[in-house]
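As structure tokens, the structure follows; a few thoughts come after it.
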Amino acid sequence: MKFEDLLLETGGFGRFQILILLILCLPRINLPMHFLLHNFLAATPSHHCAIPHQEEFVNLTTEEILLISIPREPDGTFRSCEMFSQPQFHLLLNSSLQPYNDSVTQDCQHGWVYDHSQFTSTISTEWDLVCEQRGLNQATATFFFIGVTMGAVVFGYLSDRFGRKSILMLSLVCSVIFGMLSACSVSYSMLAVTRTLTGVALSGVSLIILPLGMEWVDIEHRTFSGVLTSIFWSVGNMLLALTAYLVREWHWLLVAVTGPCLLSIVCLWWVPESARWLIANGKVKQAHKHLLRCARMNGRKDFTISPEALRGMTTEKNPGESFSYISLFRTPVLRKISLCSGTVWFGVAFSYYGMSMSLTGFGLNMYFSQFVFGIIEIPAKILMYVLVNRIGRRHSQAWSLILTGLCIGANIIIPTPFTSLRSVIAVMAKGSSEAAFTTVYLYTSELYPTVLRQNGMGYTSFMARLGGSLAPLVFLLDDVWRSLPQVTYCGVAVFCGSVAFLLPETLNAHLPEGIQDIEKTQVKGPLQTSAPEGLQLQSLLK
């Protein structure tokens, strides 16, 4: 008897499974609140050089002092990073006579003055991470995603070695500890280290929640379960906007987004360990206890099975254990798939986080932008799961990513005064990027053979996190050309989307079992009603 058959006898998908999924959705909501926190944690308000007091300024108003002390941009706003080396008193007579000689200007010498109308404080205002130091500001997001990358390796191994639930609890506890330490940071170095460690811990949460939930769900309901869990990521996006709107001080904002992990820890005590993992590791008594509990809650009180019968459900040795990541590049067709899928994953994550971390310039309030960007993901997820079965995986993947790039490119051309049009295009870009992220998990899981599927997913996930780490740093290119970051996001999205056309179509195709199935011409088969076990709808693992 297979475990799927055993699950059906316990009720398949009943109250027990629904409760597990709802509990696991609590930490799922919390993930985007940290993954996209950089938008508000490191926001840079309007600022200008601080001007030391001088006796000549006694009879001048604040506006007049700024006029003679700080040069203006062509649009009339004061420059953020420069000041006059000497007060330009002649500007009091005619403010349009701005000096064109750069020798009369210098970098800020006495710090900066910030506009606190929108933010009480951010890490930018706390440690003056502006002008020459703005690279450190963007680097905080990169540090976080480096932690996420490291955590994927650490917690992926630990969850297979010591169990899903125990390591998930460890991840949540570590998330609380490092999240609170981040809120108590007294220096930029401390914040960088604690945010990196928070990324490590939260990576365990993102990696374990989906398998733990899916391993208790029968095949028929895995798609529904994946969609449900995926939607809660979008709910977290919207809650981040509300939380950031209510909490404008960065220390307390970190506390506010970390605190819900405590609720998840409390609720998680009810969730049982994966019976699949327990049986595979010889812990049949615990598995027997959880299965009986599942059957009772699902109304199958007549369900009985002995521990000896569970002990007989030995798991065959996974042939994938004899393969490595190098195996992904040894044969021609598999090498092409690996190179192309890795490129697509990089482009998907790069464009998604590029869009998610750029909330200004579209004519919308940044809090409202965050909320709209979250809510647009829900119909995008539902639409893509319809399209992948209608027009195929390859075209869905390619065109969703290309459309993301084209929308980003369109907003480069559309003049800034057309705020409504720019906002609509930005929402379309965000929805398309989410659609691309949603599709790529399902598509990739069908591209790789069973013996290499986990290795393939691990490799492509690494490429995605690499894209997520680099995305925040691209904003620094605006020093070269104001539109260069958007051009970069646009170009990468269109290029990587085009690469998806080089991948084989998997709609209505048999899932490959071995490398030989990949190397020969794929044979059309019955429509796949579900993705491979444990991999369905992993679009939550952003």
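Distance CZ/F350 to OG/S469: 11.0 Å, rounded to 0.5 Å. Taken to the nearest 0.5 Å, the OG1 atom of T198 stands 8.0 Å off from the CG atom of L254. For the atom pair F162 CZ and L170 CG, the distance stands at 10.5 Å (nearest 0.5 Å). For the atom pair CD of E377 and CE of M384, the computed distance is 13.5 Å after rounding to the nearest 0.5 Å. Within the model, atoms CZ of R28 and CG of L21 stand 12.5 Å from one another, a figure rounded to the nearest 0.5 Å. For the atom pair CG of L158 and OG of S171, the computed distance is 8.0 Å after rounding to the nearest 0.5 Å.
Within 6.0 Å of CZ in F303 there are more than 12 heavy atoms belonging to other residues, nucleotides or ligands. The environment of R335 atom CZ is dense: over 12 non-hydrogen atoms of other residues, nucleotides or ligands sit within 6.0 angstrom.
Residues R195 and H34 meet the side-chain proximity criterion, which asks for heavy atoms closer than 4.5 Å. When side chains are defined from C-beta on, I29 does not count as touching P260, because their heavy atoms never get closer than 4.5 Å. A heavy-atom distance below 4.5 Å is not found between the side chains of V205 and F155. Counting heavy atoms from C-beta outward, F144 and L202 have side chains that approach closer than 4.5 Å. Using a 4.5 Å heavy-atom cutoff, the side chains of L181 and I177 are in contact. The shortest distance between side-chain heavy atoms of L466 and F145 does not fall below 4.5 Å. Looking only at side-chain heavy atoms (C-beta outward), P449 and D517 stay at 4.5 Å or farther from each other. The closest side-chain heavy-atom distance from F232 to L24 is not below 4.5 Å.
Ring geometry for F329 against Y459 counts as perpendicular: the plane angle is over 60°, on a 0 to 90° scale with 30° as the lower cut.
For the pair T122 (side chain) and A43 (backbone), a donor-acceptor distance under 3.5 Å is present. Using a distance-only test at 3.5 Å, with no hydrogens or angles considered, a donor-acceptor pair links the side chain of T438 to the main chain of E434. For K165 (side chain) and V271 (main-chain N/O), a donor-acceptor pair under 3.5 Å exists by modelled atom type. The backbone N or O of V148 lies less than 3.5 Å from a partner atom in the side chain of S203, making a donor-acceptor pair. Remark: the backbone N or O of L328 is paired with a side-chain donor or acceptor of S338 at under 3.5 angstrom. When atom types are taken as modelled, the side chain of R393 and the backbone of V388 share a donor-acceptor pair closer than 3.5 angstrom. Remark: side-chain polar atoms of N237 are not paired, donor with acceptor, to backbone N or O of Q370 under 3.5 angstrom. In this structure, T120 contributes its side chain and E249 its backbone to no donor-acceptor pair below 3.5 Å.
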Derivation of the side chain to side chain donor-acceptor pair (under 3.5 Å) call for Y448 and S341: CA-CA 10 Å; Y448 287 104; S341 62; 2.9 Å; yes
Between F437 and W233, does a ring pair (Phe, Tyr, Trp, His ring centres under 6.0 Å) hold up when you go through it step by step? CA-CA 12 Å; F437 224 134; W233 170 281; 8.0 Å; no
Given S433 and V348, is the side chain to side chain contact (heavy atoms under 4.5 Å, CB included) satisfied, shown in steps? CA-CA 7 Å; S433 67; V348 168; over 6 Å; no
After noting the C-alpha distance and the side-chain angles of M150 and T196, does the key distance pass the side chain to side chain contact (heavy atoms under 4.5 Å, CB included) rule? CA-CA 9 Å; M150 294 188 298; T196 302; 3.8 Å; yes
Audit row: F501, I402, side chain to side chain contact (heavy atoms under 4.5 Å, CB included) steps and yes/no: CA-CA 11 Å; F501 286 117; I402 290 174; 3.7 Å; yes
Could you walk me through whether Q17 and C294 pass side chain to side chain contact (heavy atoms under 4.5 Å, CB included), step by step? CA-CA 8 Å; Q17 282 76 15; C294 172; 3.4 Å; yes
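Checked against side chain to side chain contact (heavy atoms under 4.5 Å, CB included), M190 has the following partners two or more places apart in sequence or in another chain: S185, V186, S187, T194. Taking F16 as the reference, W216, W270 meet the ring pair (Phe, Tyr, Trp, His ring centres under 6.0 Å) condition, with sequence neighbours excluded. Under the side chain to side chain contact (heavy atoms under 4.5 Å, CB included) criterion, L8 pairs with D218, sequence neighbours left out. Partners of V193 according to the side chain to side chain contact (heavy atoms under 4.5 Å, CB included) rule, which considers only residues two or more places apart in sequence or in another chain, are L197.
Salt bridge absent: E9 and R300 never bring a charged side-chain N and a carboxylate O closer than 4.0 Å.
F119 and F40 have their aromatic ring centers separated by at least 6.0 angstrom.
Between S432 and L403, the shortest heavy-atom contact is OG-CD2, 3.2 Å. For the pair Q397 and A500, the tightest heavy-atom approach, listed with the atom from each and the gap, is CG-CB, 4.1 Å. The shortest heavy-atom contact between G347 and C496 is CA-SG, 3.6 Å. Between Y443 and P504, the closest heavy-atom pair is OH-O, 2.5 Å. Listed here is the closest heavy atom pair of E505 and H395: OE1-N, 4.3 Å. For I305 against L6, the heavy-atom pair with the smallest separation is CD1-CD1, 3.4 Å.
The side chain to side chain donor-acceptor pair (under 3.5 Å) analysis of residues 140-152, with sequence neighbours excluded, yields the pairs H38-T140. Residue pairs meeting the ring pair (Phe, Tyr, Trp, His ring centres under 6.0 Å) criterion with at least one partner in residues 240-263, sequence neighbours excluded, are W127-W250, Y245-Y367.
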